[in-house]
Protein chains: 2
Amino acid sequence: MSEIQRAACIGAGVIGAGWAARLAWNGIDVKMYDPHPEAPRRLSEVMANADRAMSKLTIAPFPPKGSVTFCDTMEETVSDAEFIQESAPEREDVKIKILAEIEQYAPTDTLIGSSTSGLLPTKLQAEMAHPGRFMVVHPFQPVYLLPLVELVGGEQTDPAFIEKAKALFTSIGMKPLHVRKEIDAFLADRLMEAMWRESLWLVNDDVATAQELDDAVIYGCGLRWASMGSFMTFRIAGGELGMRHFMSQFGPALKWPWTKLMDTPELDDELLDKIVGQSDDQAGGVDVRELERIRDDCLIAVQQALKAQNYAAGKVLAEHEERLYKNVHAGNNEQADVDISQPLKLFNTVVQPQWVDYNGHMTESRYLQVFGDSSDALYRHLGIDRAYLDDVGSYYTVETHIMHIKEVAGLEPIHSTTQVLDQDEKRLHLLHSIYHSGTNELLATGEQMMLHVDAKSGKAAAAPDWMLAKIKPITDAHAGLEKPDVAGRSIGIKRNV
Amino acid sequence: MSEIQRAACIGAGVIGAGWAARLAWNGIDVKMYDPHPEAPRRLSEVMANADRAMSKLTIAPFPPKGSVTFCDTMEETVSDAEFIQESAPEREDVKIKILAEIEQYAPTDTLIGSSTSGLLPTKLQAEMAHPGRFMVVHPFQPVYLLPLVELVGGEQTDPAFIEKAKALFTSIGMKPLHVRKEIDAFLADRLMEAMWRESLWLVNDDVATAQELDDAVIYGCGLRWASMGSFMTFRIAGGELGMRHFMSQFGPALKWPWTKLMDTPELDDELLDKIVGQSDDQAGGVDVRELERIRDDCLIAVQQALKAQNYAAGKVLAEHEERLYKNVHAGNNEQADVDISQPLKLFNTVVQPQWVDYNGHMTESRYLQVFGDSSDALYRHLGIDRAYLDDVGSYYTVETHIMHIKEVAGLEPIHSTTQVLDQDEKRLHLLHSIYHSGTNELLATGEQMMLHVDAKSGKAAAAPDWMLAKIKPITDAHAGLEKPDVAGRSIGIKRNV
């Protein structure tokens, strides 16, 4: 359960509405205050996006959703709130006025946060009656999906409230980052703003367009930034010799016109020692080879995830895969040679890290995925390509029988063989077997019935004669092989009666 | 197939070796030249990482791997190369000398690239005999995994070679970005460098540590940057009113001390129009609601991908899921009430976008995943928790029989029911059925045999009496239900003889 039951959100713009969505999804009832006539419509739009996103983000059971209610007065909104978040326009005078109004009606010990992107908490809290419970609580768009929230106390903020806020935001799935020293724009926005100002210069000077500058991020450093920041990235770039080596190599570049920001700190021994020390702390004793593997695994996972969206770097990967498959088709690859006297060896891979369950073993559903990939490899071998799928039809799996025989751990090499047990004009009866490619042990079998479906009608239909003729020699060759006793099996507890 | 068969890499540091790995994996034979005694060892380390990464990145069939060979002389290295990449230390004089040596032996029309991070191609090519075929070809670490490569021509570069380079790098899975105007550090490194210099100030001034600054990226903006750069992000932040609205809101902040980079371009009407026009071009007519959905889907996919790595934002998500499951356990959720007189309704979800195949339907292996999730829901219902798994044991799936009945599209709501068909002390015989939650149509059935395995011995063992007693009333209640005819079925083509 989250730490609280009732929250108040002042301001229902995209940030305030995003807060309401995150709070409600985590079971907290939210009262909202925003006199703007469009506020309810805006809220419902953000909420629709949030509902869509949250139901996809995880299948873990959220608590019953909290209510979100617009109130007519500030009093009604905040008087019983256990947490109040102000998300008004980015003007110091406006925010100070709203905070005064909140304090008029809120319990004196209720945590109050401001969503400001850069105003200083000391200034915002200066006129408050109970400033100890106030801090900047700076989220990132979309608030319902991004975990980061910066907590910035002012001179009068009570450290106990910082701790209270950390617990609260953790309980609603966020990652609180306590910004220990008060500074304009805090941390994340300073980094973003530096990059943004540099970008504006490049557009201003006609060096690059908006699209080109975004491309420079999303196909390169942006993929790394999803899991590692600059310090960790550069530590790894320093290789075995670490951060000190990296800084000695690239330190001189700080004096070069590599950005418009030419006012750089003096990289003296004191600063260098500080950076190296903090980088060592961050790495926590994990060596660079292991950090490289973590970096690579995250980069792989992120690109695979984006591939499923067919977007950004994922689109580049998808297009390259298509190129690689076409290449096999064109006969430019050894895989084209297949011995049909034995079960066909068409598919091999390693157990990918994201296929592994908490015990370190390949998870159940990935066996079926490997059987599916093996069927796809057979289809490609038979000459079923994009044109066939579009114009003729495809084989659909209608039934599958899996036997799990032995477990296999992540990164182990595996391959499958495919025996054609039977065919008729519409059906194809297959037995896939997955083996460990090192020990050759049998790990699992997957017996499947495939049905040929017409591309136009979407109904079961005979495969064309040329396709049947292509399958026939394999079926005939495999008819002479022993029929494994897993084939034709049914499930049940057999009792000795 | 890639555009070429033979490449040469001059310099075998982490960048040169990364190039060799990417080229070889795409079927190109690589000759390397690096007189440093440690070069072969370094190469083999990078190559080992690359082999590990590439075999995980995709199961698409790479062509037979190209060879990577160290040569003793520059002549041997480059004389028959179709592409030559220089990755020497970042010193203009060193690079100019190497380029001269390359030209002494290379065919005059061979594309030559330099991996420099920021030196100007016009200067590097100034003394070349055939400068038209030279350009900066700037990759990002790790070269084998990141798609971005910046192509920067100098004054003497022949535009035809830029086109040739685009085709070559696309053919090896990269995303070439032509930097049209020559500038120090090109595009990506200018953006990174601006952020990096800002970071160094924050460390220098004791505002934040390396770890805190990296956290400010990886839990927030870094997740966005994996799929959208600043311009697209800010366009979306502008909402329905678009980029002009965003700029009018945040334009004034350019004068505020939100970074050390206080020298900003004048945001006059001309620059504003340019930014808005380029942003419109980039969006290509896609409206902001759709852009929001793309953003959210990418953020979800990236966080789910990182969850499988249990790293960065993925770790935050995993911890929140654990919290949510604990909450259900503690009985704080309606799901705790289950009617055992009917097949148990324990699991519901929506068909997640990454579960969908190219036809828009839920892909085969995800059915088994839903059956697995349904079994997990049953286990949680029976009280199997982390302590049980650690100390007592768990049920393993040994056999599964799936019937595919009807297809279902992405984002459709589905649920499962679970009928306990039989039990003995070691075994549990289940029938899961997946239904569309809107129409209540049956989509698939999954009959499964589960075997109880002891946590210590890893062998089949009776479940404890209290667990058997917990299952018994369900088995008894379900014994009275009709046994669906899919149960006990075996696969085969039945012919009318």
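All chains are named by letter (A, B, ...) in the order of the sequence lines, taking the proteins before the strands, and each is independently numbered beginning at 1.
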Where on [X] is there a heavy atom nearer than 4.5 Å to chain B: the side chain, the backbone, both, or neither?
X         : answer
Ala216(A) : both
Leu191(A) : both
Ile236(A) : neither

Looking only at heavy atoms, what is the nearest atom pair of [X] and [Y], with distance?
X         : Y         : value
Arg489(A) : Ser490(B) : O-CB, 3.5 Å
Pro257(A) : Asp184(B) : O-CB, 3.4 Å
Pro142(B) : Asp296(A) : CG-OD1, 3.5 Å
Cys221(A) : Met192(B) : CB-SD, 3.7 Å
Pro265(A) : Asn204(B) : CB-CG, 3.9 Å

Taking C-beta and beyond as the side chain, do Ser365(A) and Asp373(B) meet within less than 4.5 Å on heavy atoms?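 No, too far: nothing below the 4.5 Å cut-off.
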
Out of Lys260(A), Arg197(A), Arg190(A), which residue meets the salt bridge (Lys or Arg N to Asp or Glu O under 4.0 Å) rule with Glu198(B)?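 For Glu198(B), the salt bridge (Lys or Arg N to Asp or Glu O under 4.0 Å) check succeeds only for Arg190(A).
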
Rounded at 0.5 Å granularity, tell me how far CZ in Phe140(A) sits from CZ in Arg224(B).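 Those atoms lie 7.5 Å apart.
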
Taking side-chain contact (heavy atoms from CB on, under 4.5 Å) as the criterion, tell me which of His320(B), Gln303(B), Glu321(B) meets it with Thr58(A).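 Only one option passes, and that is Glu321(B).
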
Identify, with sequence neighbours excluded, every residue that meets ring pair (Phe, Tyr, Trp, His ring centres under 6.0 Å) alongside His404(A).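 Scan of His404(A) (ring pair (Phe, Tyr, Trp, His ring centres under 6.0 Å), adjacent residues dropped) gives Tyr367(A).
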
In terms of heavy-atom pairs under 4.5 Å with chain B, which of Glu90(A), Glu150(A), Glu45(A), Glu319(A) leads?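 The option with the most such pairs is Glu45(A).
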
Before you tell me yes or no, could you show the steps for Lys56(A) and Asp297(B) under salt bridge (Lys or Arg N to Asp or Glu O under 4.0 Å), namely the whole-Å CA-CA distance, both residues' side-chain angles and the distance that decides it to 0.1 Å? CA-CA 8 Å; Lys56(A) 288 191 206 179; Asp297(B) 284 347; 2.5 Å; yes

Qualifying ring-ring contact (aromatic ring centres under 6.0 Å, His included) pairs, either residue in residues 192-218 of chain B, two or more places apart: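 Applying ring-ring contact (aromatic ring centres under 6.0 Å, His included) to every pair that reaches into residues 192-218 of chain B, excluding sequence neighbours, yields Phe231(A)-Trp196(B), Phe234(A)-Trp196(B).
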
Chain A interface, residue from Thr397(B), Val316(B), Asn49(B) that has the most non-hydrogen pairs under 4.5 Å: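 Option with the top pair count is Thr397(B).
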
